[in-house]
Protein chains: 2
Amino acid sequence: MPSSADVARLAGVSRKTVSRVFNDEPYVSAEVRRRVMDAADALGYRLNQTARALASGRTRTVGVVTLGTPGYGPATLLVSIERAVRDTGYALHVVSTMDGDPAGIASAVTSLLEQGVDGIVISEPVDEGKVSIRVDVPVLFLGAPPAFAAVRTLTTSTGSELLARAATDHLLDLGHATVHHVAGPRRWYAARDRIEGWRAALEERRRIVPPVVAGDWSAASGYAAGRELARDDDVTAVFAAGDEMAIGVIRALLEAGRRVPEDVSVVGLDDMPVAAYVTPPLTTVRQPFDAAAREGLKLLVHAIENPGADLPKAAALPVELVVRASTAPPPSRTPGLAQGEVSCPTA
Amino acid sequence: MPSSADVARLAGVSRKTVSRVFNDEPYVSAEVRRRVMDAADALGYRLNQTARALASGRTRTVGVVTLGTPGYGPATLLVSIERAVRDTGYALHVVSTMDGDPAGIASAVTSLLEQGVDGIVISEPVDEGKVSIRVDVPVLFLGAPPAFAAVRTLTTSTGSELLARAATDHLLDLGHATVHHVAGPRRWYAARDRIEGWRAALEERRRIVPPVVAGDWSAASGYAAGRELARDDDVTAVFAAGDEMAIGVIRALLEAGRRVPEDVSVVGLDDMPVAAYVTPPLTTVRQPFDAAAREGLKLLVHAIENPGADLPKAAALPVELVVRASTAPPPSRTPGLAQGEVSCPTA
DNA sequence: ATGAAAGCGCTAACAA
DNA sequence: TTGTTAGCGCTTTCAT
């Protein structure tokens with residue numbers, strides 16, 4: 001592999017001049033610049049970012065620690081982050097933790113620090129436990145409060161609590177007496193935030209707050225929750241904390257002979273691409289992954305490049321309720337009509 | 001930041017000894033090892049991988065170039081790759097290309113090479129065009145033939161062609177005269193491979209090969225395709241190249257008054273998590289993302305660590321057809337029965 | 001506008 | 001079992 005010294009020799013200049021050219025520094029004559037470029041092309045020279053990083057102390061890289069789990073949310077967020085990072089001109093290091101616990105995050109962060117990343121994104125961490133490492137680069141917590149001490153910590157989120165409120169309010173506005181909630185695992189911030197939003201919406205209107213039905217984000221867990229909910233004739237409205245769970249809930253309801261939305265309304269949260277095409281099309285609240293990632297990265301890069309400046313607050317993201325066909329006013333309680341209806345083909 | 005020299009001084013040993021300890025090299029007495037570790041802890045020392053890479057010429061990092069698009073397939077594959085990389089002990093650099101064209105791939109690869117990655121994974125590239133760069137590290141092409149010259153190229157895939165055959169055969173086995181296909185964009189290898197598999201299955205049984213209906217992997221495009229297909233009463237079986245499209249197809253069919261699977265059978269490809277819970281539950285072929293990623297990375301790491309050795313062939317992955325409720329034998333063509341049926345509530 | 005010298009923090013090759 | 005001596009390829013600082 002040719003080095004800058006080889007290029008310098010061929011171009012008849014010093015190594016520093018080659019460095020200037022490749023860093024777009026001023027004070028290089030157009031003629032020399034051209035000569036250097038030609039020499040580089042001729043040799044097939046490529047900048048060695050490793051050496052550059054060692055010498056300059058900066059890698060122009062940001063690291064993200066993400067959940068190694070599948071599932072629509074985390075996967076989509078990762079893709080959004082990756083795009084947002086690319087747009088900032090930084091390179092991206094990814095390390096996953098099996099389940100987002102403090103120990104896993106600590107080792108992930110340590111490994112990123114060893115790689116010399118200039119900034120870190122912690123995407124949707126799970127547990128609460130504080131991590132006891134000191135970090136000397138800015139850290140962005142996406143969807144959670146800071147979990148450890150860093151020179152400068154930033155936070156953004158897709159706004160789980162507000163999204164949950166919007167979903168619950170929609171159901172209440174439709175006339176439902178209360179709303180049941182199928183939640184994600186309590187270990188997740190996202191799950192807890194949504195529970196908070198749902199509860200707040202109910203309490204604000206002084207509605208009874210039914211017990212939370214626990215899921216794990218999967219459609220299968222939504223299905224299980226739906227079977228449980230289907231046993232209770234008083235259930236007319238369900239807010240599932242994720243679209244996948246909502247789809248499972250609907251399936252269980254239909255199989256139990258409850259019509260959606262005539263008997264029970266269901267709203268999800270995510271607005272995953274298929275939500276508009278399932279039967280019935282799912283009413284849901286869109287999760288602004290792209291906007292959150294872009295916004296978060298803007299803050300992070302700002303913090304990286306302006307040490308000293310104070311940290312701007314994250315802008316609030318829009319809440320977008322998408323009303324489709326899985327929600328409707330509650331059934332008028334006319335006895336005798338609830339039985340023996342023709343229902344959608346199931347099983 | 002403390003350096004290995006600081007640790008060495010505090011522990012009363014040479015820098016090389018510190019290096020030995022942190023690389024688990026032999027020939028270090030237990031006592032010295034402990035002293036070094038203590039000193040490192042006391043100082044909060046962390047290995048500087050950048051310096052290590054510069055000195056050793058290896059980064060222990062693999063780079064992956066991926067599509068910056070959302071969509072179940074690419075996103076899930078990225079997560080699988082990321083997990084597989086982690087399991088090998090390598091770090092991961094990710095760079096996305098907006099649309100997988102040769103130019104984008106070339107610049108992505110160049111940037112990875114500058115970062116000094118030890119190996120590269122090209123995940124689901126799109127176009128055919130050859131890329132004209134020489135690469136001096138092993139490259140794994142996931143789901144496509146090699147697109148450029150590299151010291152050593154490897155390939156694996158989830159087996160699109162076989163998966164498509166399995167889907168088509170299932171429908172044919174059910175008694176359908178032929179199978180219509182809703183394909184992904186022709187630019188994608190995955191789309192072309194599936195078309196091939198579908199066509200081969202039909203030709204093998206000497207069935208007529210209907211024109212391909214083009215989609216773009218999205219549920220929306222599947223919906224559009226479904227509307228088109230619904231106009232043709234002869235259509236009794238549809239194979240969609242992706243689950244999202246299949247869900248769109250089903251939706252369009254139901255809205256047009258065609259029952260699924262009584263009038264038309266639909267099979268997808270992916271087996272995304274919600275497939276089992278949509279209405280009707282979707283028959284599909286599972287895409288072995290995890291296995292493909294793991295298998296591919298095993299090969300790549302082998303190539304990285306055994307330059308010289310010849311490249312093992314990738315093992316064939318299992319084909320798993322998941323039969324659910326969206327497929328059934330074709331309707332017996334009894335005139336007069338196809339009309340006026342009660343259909344599932346829609347829109 | 002250009003160059004010389006001195007490292008960045010580590011490992012490689014050899015010596016002791 | 002441990003230490004010494006040279007770099008890895010670049011950027012920095014300071015001259016010129």
Give A/Y45 one of three labels, base, sugar-phosphate or nothing, depending on what nucleic acid heavy atoms sit under 4.0 Å from its own.
sugar-phosphate

Taking atom C1' of D/dT12 as reference, at what distance in whole Å does atom CZ of A/F22 sit?
19 Å

For B/Q115 and D/dG9, what is the distance between atoms CD and P respectively, to the nearest whole Å?
17 Å

Tested for side chain to side chain contact (heavy atoms under 4.5 Å, CB included) against B/E82, the lone hit among B/V94, B/L92, B/L77, B/V64 is B/L92

Of the options C/dG9, C/dA12, D/dT11, whose atoms approach the side-chain atoms of B/S56 most closely?
C/dA12

Does any donor atom in the side chain of A/E114 or B/Q49 lie under 3.5 Å from an acceptor atom in the other side chain?
yes

Less than 4.0 angstrom between a side-chain N/O of A/T50 and OP1 or OP2 of D/dC8, yes or no?
no

note: A/R35, atom CZ; C/dT2, atom P; distance rounded to Å ~ 8 Å

d(CZ, B/R46; C1', C/dC8) in whole Å:
18 Å

Using whole Å, report how far CG of B/L47 lies from C1' of C/dG9.
10 Å

It should be established whether A/S14 places a side-chain nitrogen or oxygen under 4.0 Å from OP1 or OP2 of nucleotide C/dT2.
no

Residue A/A55, side-chain heavy atoms: nucleotide from C/dA4, C/dG7, C/dA12 that is nearest
C/dG7

Below 4.0 Å: OP1/OP2 of C/dG3 and any side-chain N or O of A/T17
yes

Separation of C/dA1 atom P from A/E31 atom CD, nearest Å, is 14 Å

side-chain hydrogen bond (donor to acceptor under 3.5 Å, both in side chains) assessment of A/T17 paired with A/S14
CA-CA 5 Å; A/T17 298; A/S14 72; 3.3 Å; yes

Residue-phosphate contact under 4.0 Å: A/N48 side-chain N/O, D/dC8 OP1/OP2:
no

Candidate nucleotides D/dG9, D/dT2, C/dT2, ranked by approach to the side chain of B/Y27 - the nearest:
D/dT2

Find the distance B/R52:CZ to C/dC8:C1' and express it as a whole number of Å.
17 Å

Closest to side chain of B/K16, choosing from C/dA1, C/dG3, C/dA12:
C/dA12

Answer yes or no: does a side-chain N or O of A/S3 lie under 4.0 Å from OP1 or OP2 of D/dG9?
no

Are the side chain of A/R86 and the backbone N or O of B/S96 linked by a donor-acceptor pair below 3.5 Å?
yes

Applying a 4.0 Å non-hydrogen cut-off, can you work out what B/V18 is touching in the nucleic acid: base, sugar-phosphate, or nothing?
nothing

Taking for each residue the nucleotide of DNA chain C with the nearest heavy atom, is it B/Q49 or B/R20 whose nucleotide lies nearer the 5' end?
B/Q49

Is any side-chain heavy atom of B/V126 closer than 4.5 Å to one of B/W188?
yes

What's the CG-C1' distance between B/L54 and C/dG9, to the nearest Å?
9 Å

